[in-house]
Amino acid sequence: MKKNKSAFSWIMKFAGQKQNFYIFSVIFAIIGALCQMIPFIMAAQIIEKLLLGNKNFRSYIIPLLIMIAAWILHVVFHGLSTSFSHIATFRVLANIRKQGLIKLERMPLGDVQRSGSGNLKNILVERIDSIETTLAHMIPEMTGNLCAVLATLIFLFYIDWRMALVSLITFPIGMICFLCMMIGYEKNYNRAINATKNLNDTAVEYIGGIEVIKVFGKAKSSYEKFVAATKEGAASYVDWMRKNNIFFTFSMNIMPATLVTVLPIGGLFVRNHSLSVTNFIFIIILAMGLITPILNCMAFSDDIAKLNTIISEVTSILEANEMPRPSTEQIQLENHTITLKNVHFGYNEAEVLHGIDLTFKEGTVNALVGPSGGGKSTIAKLIASFWDVKEGSIQLGATDIRNLSSEQYHTLIAYVSQENFLFDDTIRENIRIGNLSATDEQVEKAAKDCGCWDYIMSLENGFDTMVGTGGTHLSGGEKQRICIARAMLKNAPIVILDEATAYTDPENEALIQASVAKLIRGKTLIVIAHRLSTITDADQIVVVDHGTIHGTGTHNDLLRTCPLYKNLWNAHVSVKDRLYGGDVNVSNL
């Protein structure tokens, strides 16, 4: 898509096979508009007969039947036009959302997180949904109204060109008032759009953080922020409307007041015998319906501006930078050894990794340790291909991972983070996400291997228990074990664990450790650990701080050669002694 394409061509692109439905909608709208004019013509003929003193009722039957038939046809064709436009519009909205979600999958994770979940959800759900009425009604109704105006003007000029011009006198006067409403339009419109966005984001933040707000007594300050956003959202529209009320009132009353000029001037023409009474009455009938269709079209002006704004917002997602990957090509890999060569990476302008060189050999257990914020999770997420390196390369075997398709590479990685997400579905289906083709027996075996079986079966519905949005019906440890079972079911050759026991109690930690041992058997494991006691048997421990490598080796090697690791280990042991030493009563902590 190019930004210089019109909104209409942009919409038609997403209509896909339903493009012709918009064309049919326009055709039916034109036919409906022409049918709408027939009753006026018949009415004029009836009036002419009445003025001539025709009292034969039968002579009026055919014009009346034609009027009724024309009106029915108008309603039918208008309904068909609207129906076809709705079908095409729903296809457009569906395709836009599909493309938006596909795009999010291809974007670097950092760009997605930077956009904010509230903003993305607002654009892909509410904002796209809000253009349904505009797309479904604008095309047929604007077409019908414009055709009605054009047909009316043609009839007026055909009857009497002077009266046709007279009937249009109020239009430019009203338009001047209407154009005065456009003063400061861009400023006011942008204020309204930004206020609405801020209100949506604040609402999402307020609702999502309600637990923290209550626990820490921030209800007042957080609510005040929400109220301020609400007031600004309302004020942005109220202030705008107040500025335009006078102009709007004059515009909407002057433009349709065609009889103000038609009646006196037409009366003079009739008095001077330059206009027949029959034509004068016909002109009055047509003039009364001349401006209303124009006003109906003008009513879409805000909708068109809104449509262009939403198209711009959606385009900002659809045209965002992607992680360049081949589409479907499958490459034969030599092995599953991971090699980082001179890797540089940063968020925005700040570089957080400075020339990292690392090798994680196939089938080995590797741990990333170090102070918080040192770059451990960044390294793991780069390996998981959530971002691309700024400089250097990451290789799987002898192949740069950027040369592997996303589909192929992601089948090779099982990633379990501290904050895993569960879908609002059953436990069974959340585990099955690891392998969508897995049978129920395979799902249940993964749960048994992960030590989840007992607590799952203790639930009312067992594996068919709904976990709630984000897994809110489960504890942090239970969610973590479900995610490990999911990773186990995936059976990927490379496993990345970001503090897999972060949310578990001491009683369950040993169980999860045993589950992880089964998960990683024969696989390349990269684990981010803060509890150093859990990784002392690792084949390789990598000490990371401030985006650089301070040491690599086994636990005993690093205690001798890496001062930072020794300090971390001593601090870890000291904390364990304070918490669990014989002279400490944990219940008093």
Side-chain angles (χ1 to χ4, degrees), residues 105 108-109 323-343 345 353 356-369 375-389 392-417 420 433-438 442 446 449-450 483-500 513-529 534-535 537-542 544 549 552-554:
E105 183 182 349
L109 181 61
M323 296 176 65
R325 294 290 188 274
S327 55
T328 57
E329 182 182 359
Q330 297 287 315
I331 296 178
Q332 187 66 36
L333 299 171
E334 297 179 359
N335 53 60
H336 296 126
T337 294
I338 301 169
T339 307
L340 284 74
K341 295 183 177 180
N342 191 32
V343 169
F345 178 77
L353 296 182
I356 300 294
D357 291 295
L358 280 174
T359 298
F360 302 112
K361 294 182 179 180
E362 182 179 35
T364 60
V365 177
N366 305 270
L368 297 173
V369 302
K376 304 184 296 298
S377 293
T378 301
I379 292 173
K381 289 176 180 177
L382 285 173
I383 294 172
S385 192
F386 290 163
W387 291 282
D388 269 339
V389 300
S393 66
I394 298 177
Q395 294 181 348
L396 186 58
T399 305
D400 192 313
I401 64 172
R402 288 171 291 194
N403 296 327
L404 297 171
S405 68
S406 295
E407 183 179 356
Q408 179 183 5
Y409 188 70
H410 288 149
T411 60
L412 304 174
I413 302 287
Y415 188 93
V416 182
S417 70
N420 284 282
I433 289 173
N435 181 1
L436 295 178
S437 61
Q442 290 173 321
D449 292 341
C450 193
C483 292
I484 293 174
R486 175 196 295 172
M488 186 176 292
L489 186 63
K490 187 175 184 179
N491 196 31
I494 300 169
V495 180
I496 301 175
L497 302 177
D498 187 350
E499 193 61 25
Q513 291 286 358
S515 303
V516 170
K518 294 180 181 179
L519 170 65
I520 65 174
R521 194 171 295 155
K523 296 177 172 56
T524 303
L525 173 67
I526 300 171
V527 57
I528 298 173
T534 64
I535 49 90
D537 294 330
D539 299 310
Q540 177 181 233
I541 300 173
V542 180
V544 185
I549 305 300
T552 59
T554 64

Taking C-beta and beyond as the side chain, do Glu362 and Pro493 meet within less than 4.5 Å on heavy atoms? no
### Query
Would a 4.5 Å heavy-atom cut-off, applied to side chains only, mark Ser406 and Glu105 as touching?
no
Distance col, row Leu358:CG vs Ile338:CD1, nearest 0.5 angstrom, shows 10.5 Å
Quiz item: Between Ile394 and Ser385, is any pair of side-chain heavy atoms under 4.5 Å apart?
Solution: no
Quiz item: If we only count heavy atoms from C-beta on, is the Ile526 to Ile379 side-chain gap below 4.5 Å?
Solution: no
task = Show the numbers, then the answer: is there a side chain to side chain contact (heavy atoms under 4.5 Å, CB included) between Ile541 and Thr552?
result = CA-CA 6 Å; Ile541 300 173; Thr552 59; over 6 Å; no
Rounding to 0.5 Å, atoms CD1 (Ile528) and CG (Asp498) come to a distance of 4.0 Å
dist Thr524:OG1 -> Ile383:CD1 (nearest 0.5 Å) comes out at 10.5 Å
Residues Arg402 and Ser393: closest non-hydrogen pair is NH2-CB, 3.6 Å
Notebook entry, point to check: Taking side chain as C-beta onward, heavy atoms only, is Gln540 less than 4.5 Å from Thr359?
Noted result: no
* For residues Met323 and Phe386, determine if any side-chain heavy atom of one lies less than 4.5 Å from a side-chain heavy atom of the other. => no
Between Ala487 and Ala414 the two heavy atoms that sit nearest each other are CB-CB, 4.0 Å
Tightest non-hydrogen contact, residues Ala367 and Ala538, listed as CB-CB, 4.4 Å
Problem set entry | Test side chain to side chain contact (heavy atoms under 4.5 Å, CB included) applied to Ile413 and Ile496, step by step | CA-CA 7 Å; Ile413 302 287; Ile496 301 175; 4.2 Å; yes
request  = Side-chain contact test, heavy atoms from C-beta onward, threshold under 4.5 Å: evaluate it for Val542 versus Lys376 and give yes or no.
outcome  = no
**Report entry** Heavy-atom side-chain proximity of Leu382 to Ile356 below 4.5 angstrom
**Finding:** no
Which of Leu340, Thr339, Leu525, Asp539 passes side-chain contact (heavy atoms from CB on, under 4.5 Å) with Phe360? Answer is Leu340
Tightest non-hydrogen contact, residues Tyr415 and Ala380, listed as CE1-O, 4.2 Å
Electrostatic pair Lys341:Asp400 at N-O distance under 4.0 angstrom: no
When rounded to the nearest 0.5 Å, the distance separating CG of Leu404 from CD1 of Ile331 is 5.0 Å
Here the gap from Lys490 atom NZ to Ile433 atom CD1, rounded to the nearest 0.5 Å, amounts to 11.5 Å
Donor-acceptor under 3.5 Å (Thr337 side chain, Gly397 main chain): no
Does the side-chain hydrogen bond (donor to acceptor under 3.5 Å, both in side chains) test come out yes or no for Asn335 and Lys361, once each step is laid out? CA-CA 9 Å; Asn335 53 60; Lys361 294 182 179 180; over 6 Å; no
Rounded to the nearest 0.5 angstrom, the CG-CD1 distance for Asn366 and Ile535 is 11.0 Å
Lys523 and Asn491 have their tightest heavy-atom pair at NZ-OD1, 3.0 Å
**Message:** One pair to check against side chain to side chain contact (heavy atoms under 4.5 Å, CB included): Val365 and Asp537. What are the steps and the verdict?
**Reply:** CA-CA 8 Å; Val365 177; Asp537 294 330; over 6 Å; no
